[in-house]
Peer 1: 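Take this structure, written in structure tokens, and hold onto it; I'll ask about it next.
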Amino acid sequence: MNGKEIWSKYKKWWIVLLIVVLVSGAGICVYARPEIRLLMCAKNVQKELETLEKPALFELSPLSIYQKRQEEAYHDTFDVTISSPAFAFSGLSSDTYTMDQITVAYDGIYDNQAKEMKADIGFGVMGLDLLQGKLYVQDDRAYVTVPTLLPDCYFVELSTFGTDFNHSELAETMQISIPEGLSISAFTKGTMTDWEALQEMKQYLLEHAKTLKSYVTVKNGTKTQKGRPVTITLDAYAVNDMMHYLERVCLHSDLYQNQAGHLFVNEQHRARFEGIFETDYTEDLVLNCYMDTSRHLTGVETASPVSLGDAMKLSFSMEPLGEENSLSDMLFSITLMRQGVETGIYEIERRITKTDGTSTETILITENGSNLVDCNQIWDADSKNYCMKASYVEEEQLIDISLKGSFLSLTSGEGFDFQIADLYIKENGEELLRAAGEVSMKVNGDKTVAVDEMDVEGAKDIFAMNRAELFGLVYEGIKSLGKTLLSGSSFFSLFQ
């Protein structure tokens with residue numbers, strides 16, 4: 001049988017084979033395209049994050065609680081006993097007895113929509129319930145009345161607290177000062193809630209990111225020991241545009257400015273963070289994204305150091321440490337260089353393990369090989385027991401924080417009752433504070449707090465009082481407190 005006859009007899013199979021080869025070749029080419037590889041990797045990352053064992057904060061869902069607090073009235077309570085050497089007044093202490101323990105109680109309603117807070121407050125020393133009063137906050141003004149101690153109702157302006165205190169005769173008499181710009185914001189400012197601001201900010205950023213797509217290129221990189229990466233190049237103009245946009249939209253927002261004081265340990269750390277967004281990037285940002293044959297992420301790193309201005313450069317890398325490249329364990333590394341010399345290497349290592357229903361999360365942050373932050377959290381999802389230990393090192397000071405407790409009730413994204421079994425803060429091994437008690441945060445269940453008897457209209461500005469008025473206030477307070485002690489059964493019970 002000649003070739004012509006063979007072709008005639010089997011031509012349909014040759015055509016089928018040719019189509020299969022062409023389709024397979026096209027499929028392999030498409031499968032190997034960098035965009036497809038990156039998309040498949042992103043989907044695998046998303047799936048793993050969804051199934052990853054979550055620590056306690058995930059079940060608590062604090063961001064959802066925060067959102068709900070902006071929209072509905074909340075009933076907050078805490079009854080905590082605190083001991084600290086700072087309370088051990090030398091004049092009231094001896095070798096065997098120190099007056100170093102106070103009890104603080106709060107039971108109130110927080111209503112962000114009405115910009116109003118009403119609460120019953122209590123204060124005690126060494127088991128004695130000494131003071132009972134009421135707190136009322138409206139917008140930026142806080143009123144307080146303690147009938148057993150203070151004869152009138154008094155107020156302070158929260159928005160100018162630092163300035164008002166430092167310029168008062170109270171500060172001069174006590175010979176102390178506080179940060180001049182200290183401002184307390186009890187409620188969300190403006191017409192939009194913080195949560196709405198976050199959502200709007202997110203939408204703006206997504207829309208802005210779409211306009212930068214033309215400045216981003218994706219291609220298959222050169223094969224290395226780690227594999228063949230997908231190389232993602234962001235044009236320097238796009239990086240600068242995005243960073244400056246983030247600075248304008250996020251860092252200059254009221255939300256960030258109001259919360260920044262709580263986010264950073266000190267002003268130096270805040271300046272370092274904000275400097276990242278203020279710097280002009282002079283080179284394109286090139287990232288290598290590595291993945292295995294199953295398109296699971298095995299690492300991300302900068303292809304070369306990124307210039308931050310004239311003298312500073314930055315390198316970044318991330319790699320999963322878990323089994324089969326699991327994202328349960330990850331290592332982030334940031335290297336800073338000035339004029340070609342390494343000035344700082346920061347590493348963040350996160351590990352999550354689960355045994356018998358208990359999940360443990362460990363976070364370790366190092367600076368140039370030395371521990372900076374070491375945090376360990378243990379969460380039992382069945383018993384709702386929670387334990388956290390953390391240490392922080394700065395300028396030869398070691399701060400240790402420990403919290404042990406249990407959630408008596410927990411409604412994810414809505415509220416909780418938490419019993420503090422033990423909370424302590426130590427500095428260089430010396431105990432600064434220890435506390436135990438209960439804290440709760442729930443949607444208001446028709447709880448009411450009576451503040452109508454407070455003389456808000458006739459309230460006095462305590463920071464505007466002169467020295468004579470202050471000394472008169474102290475005298476009346478001591479006299480009133482003495483009467484309370486002598487007439488209170490709790491005082492005489494100590495001698496029974």
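What you see is a predicted model; the values in this text were computed from it and never measured.
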Peer 1: Sequence neighbours excluded, which residues qualify as side chain to side chain contact (heavy atoms under 4.5 Å, CB included) partners of Val373?
Peer 2: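 Only Ile365, Tyr392 meet the side chain to side chain contact (heavy atoms under 4.5 Å, CB included) criterion with Val373.
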Peer 1: Out of curiosity, Ile401 CD1 to Lys389 NZ, how far, rounded to the nearest 0.5 Å?
Peer 2: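 Spacing of CD1 (Ile401) from NZ (Lys389) equals 13.0 Å.
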Peer 1: Centroid separation under 6.0 Å, is that true for the rings of Phe161 and Phe463?
Peer 2: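 Ring centroids of Phe463 and Phe161 are less than 6.0 Å from each other.
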Peer 1: Quick one: pull up CE in Met441 and CD in Glu414 and give me the separation to the nearest 0.5 Å.
Peer 2: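 Here the interatomic distance stands at 12.5 Å.
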Peer 1: Just by modelled atom types, is the Leu336 backbone N or O under 3.5 Å from a matching donor or acceptor in the Thr343 side chain?
Peer 2: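 Yes, Thr343 side chain to Leu336 backbone: donor-acceptor pair under 3.5 Å.
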Peer 1: Drop me the distance from Phe416's CZ to Ile65's CD1, to the nearest 0.5 angstrom.
Peer 2: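 Between Phe416 CZ and Ile65 CD1, I get 6.0 Å after rounding to 0.5 Å.
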Peer 1: How far does CD of Glu72 sit from CG of Asn112, to the nearest 0.5 angstrom?
Peer 2: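 The CG atom of Asn112 is 12.0 Å from CD of Glu72, to the nearest 0.5 Å.
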Peer 1: On a heavy-atom basis, which atom in His252 and which in Arg248 lie closest, and how many Å separate them?
Peer 2: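 For His252 versus Arg248, the nearest heavy atoms are CB-O, 3.4 Å.
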Peer 1: Between Lys384 and Trp379, is there a side-chain heavy-atom distance shorter than 4.5 Å?
Peer 2: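 Counting from C-beta outward, Trp379 and Lys384 do come under 4.5 Å.
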Peer 1: Restricting to non-hydrogen atoms, name the atom on Gly108 and the atom on His75 that form the minimum distance, rounded to 0.1 Å.
Peer 2: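 In this case the closest contact between Gly108 and His75 is O-CD2, 3.4 Å.
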Peer 1: Heavy-atom distance under 4.5 Å between the side chains of Asp417 and Glu438, does that happen here?
Peer 2: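 No, too far: nothing below the 4.5 Å cut-off.
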Peer 1: Roughly how far, to the nearest 0.5 Å, is CG of Leu135 from CE of Met117?
Peer 2: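 The CE atom of Met117 sits 6.5 Å away from the CG atom of Leu135.
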Peer 1: Measure the shortest side-chain to side-chain distance between Asp152 and Asp455 over non-hydrogen atoms and say whether it is less than 4.5 angstrom.
Peer 2: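 Heavy-atom side-chain distance check fails, nothing below 4.5 Å.
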Peer 1: Looking at every heavy atom in both Lys442 and Ser409, which two are closest together, and how far apart are they?
Peer 2: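 Here Lys442 and Ser409 meet closest at CE-OG, 4.3 Å.
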Peer 1: Do Tyr110 and Tyr74 make the cut of ring centroids closer than 6.0 angstrom?
Peer 2: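 No: the rings miss the under 6.0 Å criterion.
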Peer 1: Does any part of the side chain of Met318, heavy atoms only, come nearer than 4.5 Å to the side chain of Leu297, both counted from C-beta?
Peer 2: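 Of all side-chain heavy-atom pairs linking Met318 with Leu297, at least one is under 4.5 Å.
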Peer 1: Are Phe155 and Asp461 side-chain neighbours, meaning at least one heavy-atom pair lies under 4.5 Å?
Peer 2: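 Phe155 reaches Asp461 side chain to side chain.
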Peer 1: How far does CD of Glu349 sit from CG of Leu321, to the nearest 0.5 angstrom?
Peer 2: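 The CG atom of Leu321 is 6.0 Å from CD of Glu349, to the nearest 0.5 Å.
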Peer 1: Indicate whether the side chain of Thr77 and that of Asp107 have a donor and an acceptor atom separated by less than 3.5 Å.
Peer 2: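 Absent: no donor and acceptor within the cut-off.
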Peer 1: When you look at Phe187 and Val137, which way does the side chain to side chain contact (heavy atoms under 4.5 Å, CB included) test go after all the steps?
Peer 2: CA-CA 10 Å; Phe187 309 100; Val137 182; 3.7 Å; yes
Peer 1: Looking at Gln377, Lys354, Arg351, which hits side chain to side chain donor-acceptor pair (under 3.5 Å) with Glu361?
Peer 2: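 Going through the options one by one, the only one that passes is Gln377.
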Peer 1: Using a 3.5 Å distance criterion without hydrogens, assess whether the side chain of Ser333 forms a donor-acceptor pair with backbone atoms of Ser317.
Peer 2: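 The answer is no, because no donor-acceptor pair under 3.5 Å joins these two groups.
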Peer 1: Please give me the minimum heavy-atom distance between Asn44 and Arg295, naming the atom from each residue.
Peer 2: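 In terms of heavy atoms, the two residues are closest at ND2-O, 2.7 Å.
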Peer 1: Check the orientation of Phe78 and Tyr106. Use parallel for under 30°, tilted for 30 to 60°, and perpendicular for over 60°.
Peer 2: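 If you compare the ring of Phe78 with that of Tyr106, the planes turn out parallel.
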Peer 1: Please test Ile420 against Val439 for side chain to side chain contact (heavy atoms under 4.5 Å, CB included), starting from the C-alpha separation and ending with a verdict.
Peer 2: CA-CA 8 Å; Ile420 304 173; Val439 179; 3.9 Å; yes
Peer 1: Evaluate the side chain to side chain contact (heavy atoms under 4.5 Å, CB included) criterion for residues Ile102 and Thr81: first the C-alpha distance (whole Å), next the side-chain angles of each, then the deciding distance (0.1 Å), finally the verdict.
Peer 2: CA-CA 6 Å; Ile102 67 171; Thr81 299; over 6 Å; no
Peer 1: Only pairs at least two apart or in different chains count here, so list each side-chain hydrogen bond (donor to acceptor under 3.5 Å, both in side chains) that has a residue in residues 365-375.
Peer 2: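 For residues 365-375, and leaving out neighbouring residues, the side-chain hydrogen bond (donor to acceptor under 3.5 Å, both in side chains) pairs sorted by first residue read Tyr346-Glu367.
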Peer 1: For Leu403 and Phe418, what are the C-alpha separation, side-chain angles and deciding distance, and is it a side chain to side chain contact (heavy atoms under 4.5 Å, CB included)?
Peer 2: CA-CA 11 Å; Leu403 170 63; Phe418 184 73; 4.1 Å; yes
Peer 1: Any donor and acceptor pair, going by atom type alone, linking the side chain of Glu169 with main-chain N or O of Ala464 inside 3.5 Å?
Peer 2: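 Flag not set: sc Glu169 to bb Ala464 has no pair under 3.5 Å.
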Peer 1: Hey, does the side chain of Asn385 reach the backbone of Asp380 with a donor-acceptor pair shorter than 3.5 angstrom?
Peer 2: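 A pair under 3.5 Å: no.
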Peer 1: If we count only N and O atoms by modelled type, under 3.5 Å, do the side chains of Tyr290 and Glu301 hold a donor and an acceptor together?
Peer 2: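 Yes.
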Peer 1: Taking all non-hydrogen atoms of both residues into account, name the closest pair between Cys153 and Met454 and its distance.
Peer 2: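 Taking every non-hydrogen atom into account, SG-CE, 3.9 Å.
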Peer 1: For salt bridge (Lys or Arg N to Asp or Glu O under 4.0 Å), just list the numbers for Lys426 and Glu431, CA-CA rounded to whole Å, side-chain angles, deciding distance to a tenth of an Å, and then say yes or no.
Peer 2: CA-CA 4 Å; Lys426 295 181 180 180; Glu431 190 172 289; 5.1 Å; no
Peer 1: I need the minimum non-hydrogen distance between Ser383 and Ser406, along with the two atoms involved.
Peer 2: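 Shortest heavy-atom separation between Ser383 and Ser406 comes out as O-OG, 3.8 Å.
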Peer 1: Side chains of Leu251 and Leu246, heavy atoms from C-beta outward: is any pair under 4.5 Å?
Peer 2: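 Answer no - side chains too far apart.
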Peer 1: Check whether any side-chain heavy atom of Ile348 lies under 4.5 Å from a side-chain heavy atom of Leu331, and answer yes or no.
Peer 2: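 The answer is no, as the side chains (C-beta and beyond) never meet within the 4.5 Å cut-off.
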Peer 1: State which residues pass side chain to side chain contact (heavy atoms under 4.5 Å, CB included) with Asp292; sequence neighbours excluded, sorted by chain then number.
Peer 2: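 Only Ser294, His296, Thr298, Asn325 meet the side chain to side chain contact (heavy atoms under 4.5 Å, CB included) criterion with Asp292.
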Peer 1: Would you check, one step at a time, whether the test salt bridge (Lys or Arg N to Asp or Glu O under 4.0 Å) holds for Asp120 with Lys134?
Peer 2: CA-CA 5 Å; Asp120 294 314; Lys134 293 187 180 295; 2.5 Å; yes
Peer 1: Does Gln138 reach the side chain of Val456, with side-chain heavy atoms less than 4.5 Å apart?
Peer 2: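 They are not in contact (no side-chain heavy atoms under 4.5 Å apart), so the answer is no.
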